Protein chains: 4
Amino acid sequence: MVNKVILIGNVGMDPEVRTLEGGAKVARIRLATTERLFDRQANEAKEHTEWHTITLWRGLADVVDRFVRKGSQIYVEGRLRTREWMDKDNNKRYTTEILADTMNLLGRRSDNPASEGAPAYGGQQQGGYQQSGYQQPTAAPQPQPQSAAPSAPADDPDDLPF
Amino acid sequence: MVNKVILIGNVGMDPEVRTLEGGAKVARIRLATTERLFDRQANEAKEHTEWHTITLWRGLADVVDRFVRKGSQIYVEGRLRTREWMDKDNNKRYTTEILADTMNLLGRRSDNPASEGAPAYGGQQQGGYQQSGYQQPTAAPQPQPQSAAPSAPADDPDDLPF
Amino acid sequence: MVNKVILIGNVGMDPEVRTLEGGAKVARIRLATTERLFDRQANEAKEHTEWHTITLWRGLADVVDRFVRKGSQIYVEGRLRTREWMDKDNNKRYTTEILADTMNLLGRRSDNPASEGAPAYGGQQQGGYQQSGYQQPTAAPQPQPQSAAPSAPADDPDDLPF
Amino acid sequence: MVNKVILIGNVGMDPEVRTLEGGAKVARIRLATTERLFDRQANEAKEHTEWHTITLWRGLADVVDRFVRKGSQIYVEGRLRTREWMDKDNNKRYTTEILADTMNLLGRRSDNPASEGAPAYGGQQQGGYQQSGYQQPTAAPQPQPQSAAPSAPADDPDDLPF
DNA sequence: TTTT
DNA sequence: TTTT
């Protein structure tokens with residue numbers, strides 16, 4: 001009932017972005033998360049880097065296309081998805097990936113490798129808002145770097161009848 | 001940029017549910033989460049119960065109305081929201097609540113206090129599916145107990161061009 | 001930097017539990033999370049069940065051993081871990097699992113398949129506390145069902161100097 | 001049973017850090033999370049900034065003391081905690097805060113307002129490791145900027161008996 | 001009170 | 001005010 005993944009890490013290589021025949025955009029990212037852990041056997045600190053494959057569709061793929069590069073630090077929220085495929089020897093193989101529901105660019109805009117020589121954004125306010133999700137198929141054109149689309153209904157807490 | 005709350009606990013009293021003039025439904029729940037912690041000063045285990053106020057709108061409020069009762073065990077995902085209000089002495093006061101984005105009933109259906117004398121659901125499979133969110137304004141009628149609405153687009157991993 | 005998985009689902013088969021030569025206990029669980037999604041192509045609702053493999057060590061493995069069975073509904077918080085192994089044809093293969101940091105049994109105690117014919121717990125209060133984590137190597141003997149160990153320091157908010 | 005808050009935002013002012021008589025360090029941070037939402041009534045996009053008060057103890061307070069400043073972008077994982085207090089008119093008042101379990105500095109080191117004129121860290125690699133938690137009272141000296149302490153036991157997946 |  |  002709940003299948004949630006939350007990652008913060010650095011992108012290992014420039015993302016792959018494709019457009020399907022039907023017009024849907026898909027992006028794939030390799031993301032590294034590094035943790036320190038203590039090796040009980042060796043009685044010493046070690047570091048472990050885990051590499052994640054993340055798939056992003058439509059609006060999120062578009063944000064990736066425009067703003068994510070090798071080295072970008074990002075936040076991803078999504079779900080685990082195991083795909084089944086056949087290898088060259090016709091053996092069933094499984095690959096586990098993260099299907100993204102939300103993505104945010106982290107750090108300052110100047111951190112972003114994609115900001116070098118990037119489109120000017122005409123000095124606009126550009127929002128800096130960074131929540132994005134699949135929930136917004138009707139997302140307006142997205143001039144903001146680091147952003148996909150509005151995320152939530154504005155149910156006014158002042159209206160509360162309690 | 002990220003404001004996320006994840007709670008699992010027990011409902012302290014029957015929820016309040018209201019319908020606004022405009023027709024929108026709102027529900028309010030008091031949820032208890034209990035944790036054990038170790039009191040360093042006293043050198044003994046203690047228990048702390050935290051009480052949360054959760055606001056749920058529209059489809060989620062409807063699920064609450066039908067299936068959540070005092071004693072229900074639920075999963076809630078949402079955001080922190082601090083409301084400002086004036087007390088009787090005209091002092092500014094603040095109240096922090098959780099605005100729910102998702103809610104799930106936990107446990108077996110028979111656990112659910114709302115299941116006593118509940119509508120029969122015609123012996124249907126009932127799925128046990130429990131994801132629900134505000135993202136689905138177009139949610140079909142929801143025959144499932146423990147559920148609000150479909151949660152996600154079915155981007156087919158088999159279509160992946162990678 | 002952040003590699004977090006949060007799952008709520010049902011256990012697909014009785015867990016495997018082993019004790020290593022060094023004395024450490026390990027458990028492995030297969031957990032199903034089911035979500036409903038809407039198939040855009042077919043224009044119809046579908047259901048997807050994702051199967052997760054979860055590894056739990058020491059105290060958590062012990063709780064699994066005693067209280068988790070096929071059918072149990074559990075909450076798991078952990079990290080993604082990809083293991084590399086060689087298949088029979090000497091090909092490098094990868095398997096992605098969840099290394100658990102926390103586990104909770106959900107629902108009422110009577111829901112728990114392990115509660116049938118279970119040890120009596122001497123009519124004790126039994127706590128019902130369900131937070132558990134690897135952080136507590138010094139966990140006291142754990143008489144509580146559904147529990148591993150205290151989870152948190154009791155830094156007293158009343159002591160706050162702010 | 002589960003009371004979890006995950007925040008990513010910007011620090012609104014320099015943190016307050018205190019040392020209690022017993023020697024424990026405590027820090028307090030005001031953190032802003034901004035989200036865009038769509039106002040259904042006004043039919044227009046709006047922005048909402050939520051301000052959170054975060055309390056951090058011991059090792060985390062120390063990291064805050066050394067590396068967090070007004071403007072820092074941070075990741076915080078913690079729990080909701082409502083404190084009761086008396087106002088000047090002897091009325092019971094409640095304040096909800098986040099008690100941090102983990103904190104990470106985000107962005108590149110050069111982003112960090114605390115890095116200006118900061119201690120040199122001996123030209124070291126700086127690691128970029130940022131997991132930190134209360135779980136590690138025995139943390140070794142922490143030469144890394146952006147870090148508190150090792151986070152996890154290194155249960156070796158290669159040892160798995162499955 | 002932050003950031004974009 | 002819940003639950004164990």
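These numbers come from the heavy atoms of this one structure, side chains and all, not from hydrogens, waters or symmetry mates. For clarity, every value in this text was computed on a predicted model and none was experimentally measured. Lettering follows sequence order; numbering is per chain, from 1.
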**Study point:** salt bridge (Lys or Arg N to Asp or Glu O under 4.0 Å) between B:E35 and D:R79, intermediate numbers included
**Key:** CA-CA 10 Å; B:E35 77 176 315; D:R79 307 163 243 167; 3.0 Å; yes
Exercise for review: To the nearest Å, give me how far apart OH (D:Y75) and C1' (E:dT2) are.
Suggested key: 20 Å
Review point. What residues form a salt bridge (Lys or Arg N to Asp or Glu O under 4.0 Å) with B:R18, not counting sequence neighbours?
Key: B:E16
Study note, to complete from the structure: To the nearest angstrom, the CG-C1' distance between B:L31 and F:dT2 comes to 8 Å
Point to revise | Among E:dT2, F:dT2, F:dT3, the one nearest D:T49 by side-chain distance | key: E:dT2
Check your understanding: For the pair made of CD in B:E35 and C1' in F:dT3, what is the distance, rounded to whole Å?
Key -> 15 Å
Study note, to complete from the structure: Ranking E:dT3, F:dT3, E:dT2 by distance to the side chain of A:R108, first place goes to E:dT3
Point to revise | Interatomic distance, B:L106 CG vs F:dT3 C1' [rounded to whole Å] | key: 12 Å
Exercise for review: Measure from CD on B:E50 to P on F:dT3 and round the result to the nearest Å.
Suggested key: 18 Å
Check your understanding: For the pair made of CG in D:D14 and P in E:dT2, what is the distance, rounded to whole Å?
Key -> 11 Å
Check your understanding: Once you round it to whole Å, what is the distance between P of F:dT2 and CD1 of B:I29?
Key -> 15 Å
**Study point:** Value in whole Å for how far the C1' atom of E:dT3 lies from CG of B:N3
**Key:** 15 Å
Review point. Is the backbone of D:L106 close enough, under 3.5 Å, to the side chain of D:Q73 for a donor and an acceptor to pair up by distance?
Key: no
Point to revise | D:D14: partners by salt bridge (Lys or Arg N to Asp or Glu O under 4.0 Å), with sequence neighbours left out | key: none
